[in-house]
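On a predicted model such as this, the values are computed, not experimentally measured, just so you know. Every chain is numbered from 1 and lettered A, B, ... according to where its sequence line falls, protein lines coming before strand lines.
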2 protein chains.
Amino acid sequence: MRLLIYRFLAEKQVAVTLSDIENAFDKADRTTLYRTIKTFEEKAIVHQIDDGTGITKYALCEKGCNCEIETDLHLHFHCNNCNETVCLTAHKIPQIKVPKGFVSENVNLVVKGICDKCSGH
Amino acid sequence: MRLLIYRFLAEKQVAVTLSDIENAFDKADRTTLYRTIKTFEEKAIVHQIDDGTGITKYALCEKGCNCEIETDLHLHFHCNNCNETVCLTAHKIPQIKVPKGFVSENVNLVVKGICDKCSGH
DNA sequence: GCACTAATGCACTTCCATTGCATGCGTTAA
DNA sequence: TTAACGCATGCAATGGAAGTGCATTAGTGC
Ligand SMILES: [Mn+2]
Ligand SMILES: [Mn+2]
Ligand SMILES: [Zn+2]
Ligand SMILES: [Zn+2]
């Protein structure tokens, strides 16, 4: 099961929800899929993405990411048209200045707009 | 009711959840509070904040913000210690570069860490 | 007071996330 | 060969937050 889910995530180029996985594996129980993803998360195989849709999405971590230590520093893009969310792993989050007294530990950055597939160029 | 809720938001210095408001006004019905906040949101009196906790929070818009037209451009800070979220209205979100073909419409930026009250200086 | 509109309250629903408990299955150790 | 154990799976139930339909009430202008 874990292998199957891993492969499913690997071939997908976008972040997926739990119900995406459920649809792909309708013979398996929701709980199994849920716990598999949670296991992946603990082991820093996938990372969670909160793109503001209210439904948490998951995507494979890139090689050499340090999810366990620090949050992924790349930004995420959510398309308002096709509703898909992608990791822009090549685009690192710039240093954010915070006021005196505040200590920044990690940053969550989601850009919304139109993705390359939907913008048509 | 609207006045009361407005004042409640005004004296709070942090973003509040719906259940925060419920606790503050336990005589009123959830629905009323819910719809009041939604009205405020439509009228751009408050803006919604998704700080990644899974529970949407709300905070008063600053004077002259253009929430109706564009999303608020300031960043939000979520404290991992006291679990409070504040608007850093003075800190605008820097321009984010996106890959070719992507069109950025708005940006959600949440910094997590330790707030000034919790860091102790 | 009457009529109309807007605000409030109650109940119910939906959706997602999460958990307890029972069962199954495979591997190891007696 | 079997008993025991750990772990994966499945089923069912729970909880929390968000949202909605409908009845009732309050307020406002006439
Ligand atoms: Mn990512
Ligand atoms: Mn804000
Ligand atoms: Zn798209
Ligand atoms: Zn704090």
Side-chain angles (χ1 to χ4, degrees), chain A residues 1-10 12 14-60 67 71 76 78 80 82-85 108 110 112, chain B residues 1-10 12 14-60 67 71 76 78 80 82-85 108 110 112:
Chain A
M1 205 64 240
R2 291 181 183 178
L3 271 175
L4 290 174
I5 295 178
Y6 182 85
R7 286 190 202 122
F8 174 74
L9 291 168
K12 279 261 174 190
V14 297
V16 299
T17 66
L18 226 31
S19 69
D20 288 336
I21 304 178
E22 282 174 47
N23 292 335
F25 300 97
D26 49 357
K27 278 159 292 186
D29 188 79
R30 290 182 53 249
T31 319
T32 304
L33 306 172
Y34 171 76
R35 287 200 255 240
T36 302
I37 275 289
K38 287 295 155 189
T39 306
F40 283 177
E41 214 184 330
E42 275 170 30
K43 306 296 179 187
I45 294 166
V46 302
H47 63 277
Q48 204 170 326
I49 303 165
D50 174 14
D51 61 8
T53 54
I55 304 148
T56 42
K57 298 186 176 172
Y58 302 89
L60 282 186
C67 279
T71 328
H76 293 126
H78 176 77
N80 291 325
C82 66
N83 212 34
E84 284 187 346
T85 299
N108 182 27
V110 180
K112 303 196 182 192
Chain B
M1 206 63 239
R2 291 181 182 177
L3 272 175
L4 290 174
I5 294 178
Y6 182 85
R7 285 191 202 122
F8 175 74
L9 291 168
K12 279 259 174 192
V14 296
V16 298
T17 66
L18 226 30
S19 70
D20 288 336
I21 304 179
E22 283 173 47
N23 293 335
F25 300 96
D26 49 356
K27 277 158 293 187
D29 189 79
R30 284 184 52 249
T31 320
T32 304
L33 306 172
Y34 172 74
R35 288 201 255 240
T36 302
I37 276 289
K38 287 295 156 189
T39 306
F40 283 176
E41 214 183 330
E42 276 170 29
K43 306 296 178 187
I45 294 165
V46 303
H47 63 277
Q48 205 171 323
I49 302 165
D50 175 14
D51 61 8
T53 54
I55 303 149
T56 42
K57 298 186 177 173
Y58 302 89
L60 282 186
C67 279
T71 329
H76 292 127
H78 176 76
N80 291 325
C82 65
N83 212 33
E84 286 188 344
T85 298
N108 181 30
V110 180
K112 303 193 183 192

S.K.: Please list, chain by chain and in numerical order, all residues satisfying salt bridge (Lys or Arg N to Asp or Glu O under 4.0 Å) with A:Lys12, sequence neighbours excluded.
M.R.: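 Once residues adjacent in sequence are excluded, A:Lys12 has no partner under the salt bridge (Lys or Arg N to Asp or Glu O under 4.0 Å) criterion.
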S.K.: Test A:Tyr6 against A:Val46 for side-chain contact (heavy atoms from CB on, under 4.5 Å), laying out the working first.
M.R.: CA-CA 9 Å; A:Tyr6 182 85; A:Val46 302; over 6 Å; no
S.K.: When the distance from CG of A:Asp20 to C1' of C:dC15 is rounded to whole Å, what number comes out?
M.R.: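 One finds 15 Å between C1' of C:dC15 and CG of A:Asp20, rounded.
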S.K.: Using side-chain hydrogen bond (donor to acceptor under 3.5 Å, both in side chains) as the criterion, list what pairs up with B:Thr17, not counting sequence neighbours.
M.R.: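 B:Thr17 satisfies side-chain hydrogen bond (donor to acceptor under 3.5 Å, both in side chains) with B:Ser19, B:Asp20 once adjacent residues are dropped.
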S.K.: Taking all non-hydrogen atoms of both residues, which atom of A:His78 and which atom of A:Val110 are closest, and how far apart?
M.R.: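 Heavy-atom minimum between the residues: CB-CG1, 4.3 Å.
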S.K.: Using the test salt bridge (Lys or Arg N to Asp or Glu O under 4.0 Å), find all partners of A:Arg30 that sit at least two apart in sequence or belong to another chain.
M.R.: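 Partners of A:Arg30 by the salt bridge (Lys or Arg N to Asp or Glu O under 4.0 Å) criterion, ordered by chain and then number, come out as A:Glu22.
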S.K.: Treat primed atoms plus P, OP1 and OP2 as sugar-phosphate and everything else as base, then score nucleotides 16-25 of chain C 5' to 3': B for base contact with protein heavy atoms under 4.0 Å, S for sugar-phosphate contact only, - for none.
M.R.: SBBBBB----
S.K.: Please state how far atom CG in B:Leu3 lies from atom P in C:dA7, giving the value in whole angstrom units.
M.R.: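 Atom CG in B:Leu3 sits about 12 Å away from atom P in C:dA7.
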S.K.: What pairs with B:Lys57 under salt bridge (Lys or Arg N to Asp or Glu O under 4.0 Å), at least two apart in sequence or on another chain?
M.R.: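 Counting only residues at least two positions away or on another chain, B:Lys57 forms a salt bridge (Lys or Arg N to Asp or Glu O under 4.0 Å) with B:Asp51.
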S.K.: Please list, in 5' to 3' order, the outermost nucleotides of DNA chain D lying under 4.0 Å from any heavy atom of chain A.
M.R.: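 Nucleotide range in contact with chain A: D:dA8 to D:dA12.
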S.K.: Mark yes or no for whether B:Thr32, through its side chain, and B:Ala28, through its backbone, hold a donor-acceptor pair below 3.5 Å.
M.R.: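 No, because the side chain of B:Thr32 does not come within donor-acceptor range (under 3.5 Å) of the backbone of B:Ala28.
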S.K.: B:Gln48 and B:Ile37: side-chain contact (heavy atoms from CB on, under 4.5 Å), yes or no, with the steps?
M.R.: CA-CA 10 Å; B:Gln48 205 171 323; B:Ile37 276 289; over 6 Å; no
